[in-house]
Asker: 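This structure is in structure tokens; I'll ask about it shortly.
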Amino acid sequence: MAEKHHLNGRVSEVFWAFLALGLTSFGGPVAHLGYFRTAFVERRQWLSESAYADLVALCQFFPGPASSQVGFALGLMRAGPWGAAMAWLAFTLPSAIVLVLFAFGAAVLDGPIASGIIHGLKVVAVAIVAHAVWGMARNLCPDQTRVGIALAAVFIVVMVSGPLGQVAAIVLGGIAGLALCRMVAAATPSEPLQFPVSRRAGTVALGLFAALLILLPLLAGSAAWLAVADAFYRSGALVFGGGHVVLPLLEAEVVQSGWITADEFLAGYGAAQAVPGPLFTFAAYLGALLPGMNGVVGALLALLAIFIPGFLLLVGVLPFWNHFRRWQSAQALMRGASAAVVGILGAALYQPVWTSAIIGPYEFVLALTGFLLLTVWKLPAWIVVIVIALGGVVITL
């Protein structure tokens with residue numbers, strides 16, 4: 001009984017710690033990792049500095065929402081599977097609720113001020129995505145080879161539209177990395193990561209990840225909810241390099257399919273920058289607007305479907321990670337795939353983000369202002385969203 005009470009206490013501890021972060025963690029995935037380090041390495045001392053650095057490397061190495069995967073793994077280390085579930089729920093729920101409410105409100109908003117705010121949110125998406133492309137290009141394309149892979153990805157996405165083009169760009173980028181990016185690997189950290197996950201459980205998780213990725217497209221035509229699950233699951237499974245990369249993947253699934261208009265999509269993406277917590281909660285906004293789905297049910301389905309693949313993959317590799325991280329071919333493959341996603345996001349910056357929002361010189365000035373506020377003055381994203389949304393009202397009136 002004492003052991004069970006101790007575990008329940010740890011699960012509760014995990015929930016309240018991550019709820020505080022879910023309510024206050026503005027700034028995107030990189031900022032979230034800084035918040036986590038302060039909360040769990042410095043203040044609570046759940047793990048050492050080197051173990052945390054190794055965990056971050058693991059979650060950035062594979063597809064999925066890196067900051068949410070780190071939080072999920074921290075909950076798993078601290079309080080087992082229930083701890084992992086509570087960490088995700090507490091970190092995700094606040095922003096998901098706000099974005100679902102925004103989806104319901106955006107559908108009924110009318111008048112010049114409301115339309116000006118929506119217009120401003122579309123313009124701020126230009127600044128946010130441009131800032132993401134700029135930062136990712138500097139980090140993930142530091143040499144001519146990876147710049148070439150990124151440009152090739154742009155060409156592939158332009159020539160082959162929709163999800164197929166983006167999947168092809170990532171796969172071919174990984175193959176190019178395997179052939180061209182075999183650089184000297186970083187030194188392997190000496191401290192191994194230990195998680196309460198058996199190799200058998202890891203194998204089952206990897207099998208389930210692959211089975212859903214293969215079966216959902218085959219079943220998508222049989223029911224509306226399966227089509228939604230397929231679209232969001234595939235988007236979550238292919239997100240290499242950070243939360244912003246989910247933008248072109250989701251746009252291909254929900255805008256090009258005709259489920260949601262480009263205006264609705266970009267307004268929600270802009271609003272997602274103004275809330276704390278993971279950017280993947282943008283899926284809850286989209287799910288709430290899907291035709292033929294009850295708003296809340298659609299939001300919940302989209303939210304679960306986009307997060308599940310990253311968590312299955314994480315659980316699957318945890319028991320094998322200490323061995324796998326020494327495999328240099330895997331690191332070369334990931335360098336190529338990461339360069340490709342810079343190209344994919346760069347293509348999305350033009351279409352649909354730029355072409356839908358920048359319709360005149362005033363919008364261009366507003367977007368440029370937002371970009372400079374982020375890159376030069378380094379203001380938090382949520383402040384920039386508010387400033388540009390108000391600017392949208394001014395140029396609309």
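Here, residue 1 is the first one in the sequence, and each next residue gets the next number.
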Asker: May I have the list of side-chain donor-acceptor pairs in residues 245-252 shorter than 3.5 Å, sequence neighbours left out?
Answerer:
unit_1	atom_1	unit_2	atom_2	d
E251	OE1	Q256	NE2	3.0

Asker: Extract all donor-acceptor atom pairs below 3.5 Å that involve side chains of residues 364-375 and protein atoms in other chains or at least two apart in sequence.
Answerer:
unit_1	atom_1	unit_2	atom_2	d
T369	OG1	V365	O	2.8
T375	OG1	F371	O	2.8

Asker: Between side-chain atoms of residues 38-47 and protein atoms elsewhere (two or more places apart, or another chain), which donor-acceptor pairs fall under 3.5 Å?
Answerer:
unit_1	atom_1	unit_2	atom_2	d
T38	OG1	G34	O	3.2
E42	OE2	R37	NH1	2.6
E42	OE2	R37	NH2	3.3

Asker: Please report, to 0.1 Å, the donor-acceptor pairs under 3.5 Å made by any side chain of residues 204-221, with sequence neighbours excluded.
Answerer:
none

Asker: I need the minimum non-hydrogen distance between V14 and G83, along with the two atoms involved.
Answerer: CG1-O, 3.3 Å
Asker: Any side chain to side chain donor-acceptor pair (under 3.5 Å) pairs touching residues 340-355, not counting sequence neighbours?
Answerer: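 The answer is Q351-T355.
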Asker: Indicate the atoms forming the closest heavy-atom contact of R146 with C181, along with that distance.
Answerer: CG-SG, 3.9 Å
Asker: Residues two or more places apart in sequence or in another chain: which of them pass ring pair (Phe, Tyr, Trp, His ring centres under 6.0 Å) with Y233?
Answerer: none
Asker: Please go through L151's hydrophobic cluster and name the other residues, only I, L, V, M, F, W, Y counting, with side-chain heavy atoms under 4.5 Å joining them.
Answerer: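 ILVMFWY cluster around L151 also holds V147.
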Asker: Under the side chain to side chain contact (heavy atoms under 4.5 Å, CB included) test, which residues partner L19, sequence neighbours left out?
Answerer: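 So L19 forms a side chain to side chain contact (heavy atoms under 4.5 Å, CB included) with F15, W16, L23, A90, P94.
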Asker: Within the 4.5 Å heavy-atom criterion, are V353 and Y269 side-chain neighbours or not?
Answerer: no
Asker: Does the side chain of S329 reach to within under 4.5 Å of the side chain of L178, using non-hydrogen atoms?
Answerer: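 Yes; the side chains approach each other to less than 4.5 Å.
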Asker: Please name the residue in the list F36, F72, F280 that meets the ring-ring contact (aromatic ring centres under 6.0 Å, His included) test with F91.
Answerer: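 Of the listed residues F36, F72, F280, the ring-ring contact (aromatic ring centres under 6.0 Å, His included) partner of F91 is F36.
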Asker: Considering only Ile, Leu, Val, Met, Phe, Trp and Tyr, and joining two whenever side-chain heavy atoms are under 4.5 Å apart, list the other residues clustered with F155.
Answerer: M159, V160, L164
Asker: Give a yes or no on whether F195 atom CZ has more than 12 heavy-atom contacts from other residues, nucleotides or ligands under 6.0 Å away.
Answerer: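 Count over threshold, so yes.
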Asker: Say you draw a straight line from CG of L99 to CG of L289; how long is it, rounded to the nearest 0.5 Å?
Answerer: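 Answer for the CG-CG pair, L99 versus L289, is 10.5 Å.
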Asker: Check whether any side-chain heavy atom of W259 sits under 4.5 Å from a side-chain heavy atom of P291, and report yes or no.
Answerer: yes
Asker: Look at the side chain of S25 and the backbone N and O of G22, then say whether any donor-acceptor pair between them is shorter than 3.5 Å.
Answerer: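 Not confirmed, S25 side chain does not pair with G22 backbone.
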Asker: Any side-chain to backbone donor/acceptor pair from E253 onto D230? Under 3.5 Å, distance only.
Answerer: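 Not at all, since once roles are kept as given, no pair shorter than 3.5 Å links the two residues.
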Asker: For a 4.5 angstrom cut-off between non-hydrogen side-chain atoms, does F18 reach L93?
Answerer: no
Asker: Would you give me the side-chain donor-acceptor pairs under 3.5 Å for residues 118-126, sequence neighbours excluded?
Answerer:
unit_1	atom_1	unit_2	atom_2	d
H119	NE2	E363	OE2	2.8
K122	NZ	D263	OD1	2.8

Asker: Indicate the atoms forming the closest heavy-atom contact of A130 with L349, along with that distance.
Answerer: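 Taking A130 first and L349 second, the nearest heavy atoms are N-CD1, 3.8 Å.
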Asker: Identify, with sequence neighbours excluded, every residue that meets ring pair (Phe, Tyr, Trp, His ring centres under 6.0 Å) alongside F232.
Answerer: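 Once residues adjacent in sequence are excluded, F232 has no partner under the ring pair (Phe, Tyr, Trp, His ring centres under 6.0 Å) criterion.
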Asker: Whether the side chain of R10 engages the backbone of R78 through a donor-acceptor N/O pair (distance < 3.5 Å, no angle test) should be reported.
Answerer: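 A pair under 3.5 Å: yes.
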Asker: Measure from the side-chain N and O atoms of T281 to the backbone N and O of P278, and report whether any donor-acceptor pair falls under 3.5 Å.
Answerer: yes
Asker: Pairs under 3.5 angstrom only: tabulate donor-acceptor contacts from the side chains of residues 387-397 to other protein residues two or more places apart or in another chain.
Answerer:
unit_1	atom_1	unit_2	atom_2	d
T396	OG1	G392	O	2.6

